[in-house]
Protein chains: 2
Amino acid sequence: MTSRKSETVPTKAKTGEPRRSRPVQVADAIKDWVVSQGLRKGARLPSETEMIARYARSKGTIREAMRILEAQGLIETRTGPGGGSFVGEVSVERARALLGNYFYFKNLSIRDIYQIRRALEPELVATLAGQLAEPALVELETLIDQYPEPAATPDEEREQHIASLKFHSRLADHADNELLGFLIGFMAQILSDLTVSRQLYSPPNVELWQRGRAYQMDLVRALRAGDGGLARRIMADHMETAQTLMEGQEEQVLTRFFAE
Amino acid sequence: MTSRKSETVPTKAKTGEPRRSRPVQVADAIKDWVVSQGLRKGARLPSETEMIARYARSKGTIREAMRILEAQGLIETRTGPGGGSFVGEVSVERARALLGNYFYFKNLSIRDIYQIRRALEPELVATLAGQLAEPALVELETLIDQYPEPAATPDEEREQHIASLKFHSRLADHADNELLGFLIGFMAQILSDLTVSRQLYSPPNVELWQRGRAYQMDLVRALRAGDGGLARRIMADHMETAQTLMEGQEEQVLTRFFAE
DNA sequence: TAAGATTTGTTCGTATGTATC
DNA sequence: GGATACATACGAACAAATCTT
């Protein structure tokens with residue numbers, strides 16, 4: 001199993017290929033090794049000094065390789081006795097940030113995002129109907145109650161909109177389908193960031209508030225009653241009016257250049 | 001503008017926080033700087049030696065920071081005169097791999113993926129109808145023609161399935177909505193990887209072949225005719241039968257642990 | 001509390017590789 | 001080919017964090 005002595009890190013660069021620096025090569029080799037060993041979350045990787053011996057590279061090179069893996073969320077590192085590097089699970093936050101970077105230059109529009117929300121969110125609530133425990137339903141109602149009155153100022157309106165997006169985000173957290181949950185949470189975050197950074201929704205839009213609140217209350221009712229079809233229809237309507245109300249707003253949606 | 005002398009890299013670690021190593025801090029600082037300068041793809045970053053002066057850190061630390069940014073696809077680095085680090089656009093491949101890592105331990109099921117394909121792919125073709133130039137349509141037909149006969153062996157069947165997924169992937173490439181296009185391409189890749197790595201679709205499934213081929217030919221016709229409603233219906237049917245045919249198959253879908 | 005052991009974190013000096021002119 | 005301007009890589013020393021006793 002543990003085949004000691006220097007692993008297969010090409011010493012010479014292949015011709016043609018874009019050329020890969022040695023840290024990258026080492027990082028690739030370590031990844032392959034982790035997969036081949038079937039290591040699971042929390043499993044310990046060889047120590048720095050062992051890596052140096054195993055891959056026959058300097059400490060600096062090994063460390064750069066580890067930083068690469070760490071930046072991707074694949075490993076975590078601790079100092080001290082019992083420390084070292086460990087296989088880590090990629091966090092949602094990091095996954096979102098990494099995906100967000102991809103769209104940094106892509107200039108997504110609000111229309112783009114709503115095209116997908118309209119397709120996915122009704123689907124989500126349809127599968128969620130009757131599946132949520134009472135505490136989860138109560139939490140959703142609490143979020144709705146964070147904006148019992150129409151906003152008086154643009155600032156207040158922003159806060160309300162963010163709370164409303166939080167409602168969708170929490171809903172997504174309960175999805176059995178992890179991919180579906182992730183995507184809805186991702187879009188909620190994009191819209192949330194956008195709301196924070198720009199002067200959207202001014203002047204306060206009373207209609208948006210009224211409709212959004214009504215939809216969300218109806219939705220929770222349908223979820224509690226276990227009526228998936230109804231929940232789906234409510235969300236579809238909700239998305240449609242939300243999109244209409246937002247389309248007058250700014251077009252370009254810049255996702256941020258990251259976060260760790 | 002270029003405020004020389006050491007930038008704001010915290011010298012002391014904040015209490016409470018999980019503790020960030022200096023390379024990570026430097027990487028964060030550089031990211032912030034790039035954003036604050038509004039640098040665009042291809043813009044040049046300060047040289048290694050200037051970074052050393054600017055952030056008052058050793059070469060090793062700066063290099064680790066650069067590897068972090070590189071691993072996230074945010075910068076590219078070249079050696080030689082005129083070389084250095086440049087702002088880079090995150091490639092689709094990298095974005096897919098990074099997102100794939102997140103789902104590595106998440107055990108997506110085929111059902112999960114199809115739930116989303118069924119929601120998104122009909123939407124895609126509806127917006128694509130009448131929008132594709134003739135060469136693009138011809139290319140799609142070429143992909144369909146890669147499997148004119150039912151597969152004779154499991155190996156052949158696998159190849160056909162991959163070609164069929166390629167059809168969806170190419171379709172996604174033409175989406176105006178970059179988010180929509182990315183997601184459909186991402187799912188096609190997951191399914192493609194799965195098909196390669198496992199023994200799915202054995203014994204050869206003639207029904208899958210017949211139906212899939214017919215749907216795709218009808219679809220291209222509808223796209224050429226510019227009939228979005230029809231295209232949507234065809235894709236919806238296609239997805240539904242594909243899901244039915246695949247649900248008997250293995251349940252767990254492991255996405256790979258990466259690729260650079 | 002303090003000392004010691006263990007493991008990663010950081011620095012510096014030097015040498016090598018690579019691309020442009 | 002040679003000079004130049006960059007990144008790349010190595011190795012040895014020292015610093016900091018954290019666990020154990």
Side-chain angles (χ1 to χ4, degrees), chain A residues 6-7 9-30 42-71 74-88 260, chain B residues 6-7 9-30 42-71 74-88 260:
Chain A
S6 68
E7 308 286 316
V9 178
T11 306
K12 257 315 190 200
K14 292 176 185 174
T15 57
E17 304 290 290
R19 159 152 186 68
R20 303 165 82 77
S21 69
R22 273 212 253 271
V24 174
Q25 292 171 23
V26 173
D28 284 345
I30 295 174
R44 186 172 181 165
L45 272 63
S47 74
E48 218 174 66
T49 42
E50 219 205 294
M51 295 280 198
I52 294 171
R54 203 189 277 206
Y55 296 101
R57 293 284 175 270
S58 76
K59 181 166 176 165
T61 303
I62 298 293
R63 283 185 60 80
E64 286 181 44
M66 298 309 260
R67 287 297 86 67
I68 289 172
L69 299 180
E70 203 178 53
L74 301 173
I75 66 168
E76 293 161 6
T77 298
R78 290 195 299 274
T79 61
S85 294
F86 304 82
V87 177
E260 178 207 3
Chain B
S6 67
E7 307 286 316
V9 178
T11 307
K12 256 316 188 198
K14 292 176 187 174
T15 56
E17 304 289 291
R19 159 152 183 68
R20 302 165 81 78
S21 69
R22 273 212 253 271
V24 175
Q25 292 172 21
V26 173
D28 284 346
I30 295 174
R44 184 175 182 160
L45 272 63
S47 74
E48 210 173 74
T49 41
E50 218 205 296
M51 295 281 197
I52 294 171
R54 204 189 275 208
Y55 296 101
R57 292 286 175 269
S58 78
K59 188 159 30 189
T61 302
I62 298 293
R63 283 183 61 76
E64 287 180 40
M66 299 310 258
R67 286 297 86 68
I68 289 172
L69 299 179
E70 203 177 54
L74 301 174
I75 66 168
E76 293 162 7
T77 297
R78 289 194 298 274
T79 61
S85 295
F86 304 83
V87 177
E260 179 207 358

Colleague: Nearest-Å distance, CD1 (B/I52) to P (C/dC12)?
Modeller: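 Nearest whole value for this atom pair: 9 Å.
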Colleague: Can a donor-acceptor pair be found, under 3.5 Å and without considering hydrogens, that links the side chain of A/Q25 to the backbone of A/R20?
Modeller: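 Side chain of A/Q25 to backbone of A/R20: a pair is present.
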Colleague: A/F86 has an atom CZ; how far is it from atom P of C/dT7, in whole Å?
Modeller: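 Roughly 10 Å, once rounded to whole Å.
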Colleague: Examine distances only and state if a side-chain atom of B/R44 and a backbone atom of B/G83 form a donor-acceptor pair shorter than 3.5 Å.
Modeller: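 Between the backbone of B/G83 and the side chain of B/R44 there is a qualifying donor-acceptor contact (under 3.5 Å).
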Colleague: To the nearest 0.5 Å, what is the distance between CD on A/E48 and CZ on A/R63?
Modeller: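 Interatomic distance, A/E48 CD to A/R63 CZ, rounded to 0.5 Å: 5.0 Å.
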Colleague: Taking the basic N atoms (NZ, or NE/NH1/NH2) and the acidic carboxylate oxygens, is any pair closer than 4.0 Å for A/R67 and A/E64?
Modeller: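 Salt bridge between A/R67 and A/E64, a charged N being under 4.0 Å from a carboxylate O: no.
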Colleague: Please report, rounded to the nearest Å, how far the P atom of D/dA7 is from the CD atom of B/E76.
Modeller: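 The distance from CD of B/E76 to P of D/dA7 comes to 15 Å, rounded to the nearest Å.
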Colleague: Once side chain to side chain contact (heavy atoms under 4.5 Å, CB included) is applied, do any residues pair with A/S47, and if so which ones, sequence neighbours excluded?
Modeller: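 In terms of side chain to side chain contact (heavy atoms under 4.5 Å, CB included), with neighbours along the sequence ignored, A/S47 is linked to A/T49, A/E50.
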Colleague: CD of B/Q25 versus P of C/dT10: gap in Å, rounded?
Modeller: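 My rounded result for the distance is 8 Å.
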Colleague: Could you check how far CE of A/M66 sits from P of C/dT8, rounded to whole Å?
Modeller: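 After rounding, the gap between these two atoms is 8 Å.
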Colleague: Checking side chain to side chain contact (heavy atoms under 4.5 Å, CB included) between A/I68 and each of A/D28, A/I30, A/V24, A/I75, which is the one that passes?
Modeller: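 With A/I68 as partner, A/D28, A/I30, A/V24, A/I75 yield a single side chain to side chain contact (heavy atoms under 4.5 Å, CB included), made by A/V24.
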Colleague: So what does B/G82 hit on the nucleic acid, given a heavy-atom distance under 4.0 Å: a base, only sugar-phosphate, or nothing?
Modeller: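 Counting heavy atoms under 4.0 Å across all strands, no contact is made by B/G82.
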Colleague: Mind listing the N/O atom pairs, protein and nucleotides 9-13 of chain D, below 3.5 Å?
Modeller:
unit_1: D/dA9; atom_1: OP1; unit_2: A/R22; atom_2: N; d: 2.8
unit_1: D/dA9; atom_1: N6; unit_2: B/K59; atom_2: NZ; d: 3.4
unit_1: D/dC10; atom_1: OP2; unit_2: A/S58; atom_2: N; d: 3.2
unit_1: D/dC10; atom_1: OP2; unit_2: A/S58; atom_2: OG; d: 3.1
unit_1: D/dC10; atom_1: OP2; unit_2: A/T61; atom_2: OG1; d: 2.5

Colleague: Round to a whole Å and report the spacing from CD1 of B/I75 to C1' of D/dA7.
Modeller: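 One finds 12 Å between C1' of D/dA7 and CD1 of B/I75, rounded.
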Colleague: Consider the side chain of B/P81, meaning its heavy atoms from C-beta on, and name the nucleotide among C/dT8, C/dT20, D/dA7 that approaches it most closely.
Modeller: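 Ranking C/dT8, C/dT20, D/dA7 by closest atom to the B/P81 side chain puts C/dT20 first.
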Colleague: Whole angstrom is fine here: how far is it from CZ in A/R44 over to C1' in D/dC19?
Modeller: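 Going from CZ in A/R44 over to C1' in D/dC19 covers 12 Å.
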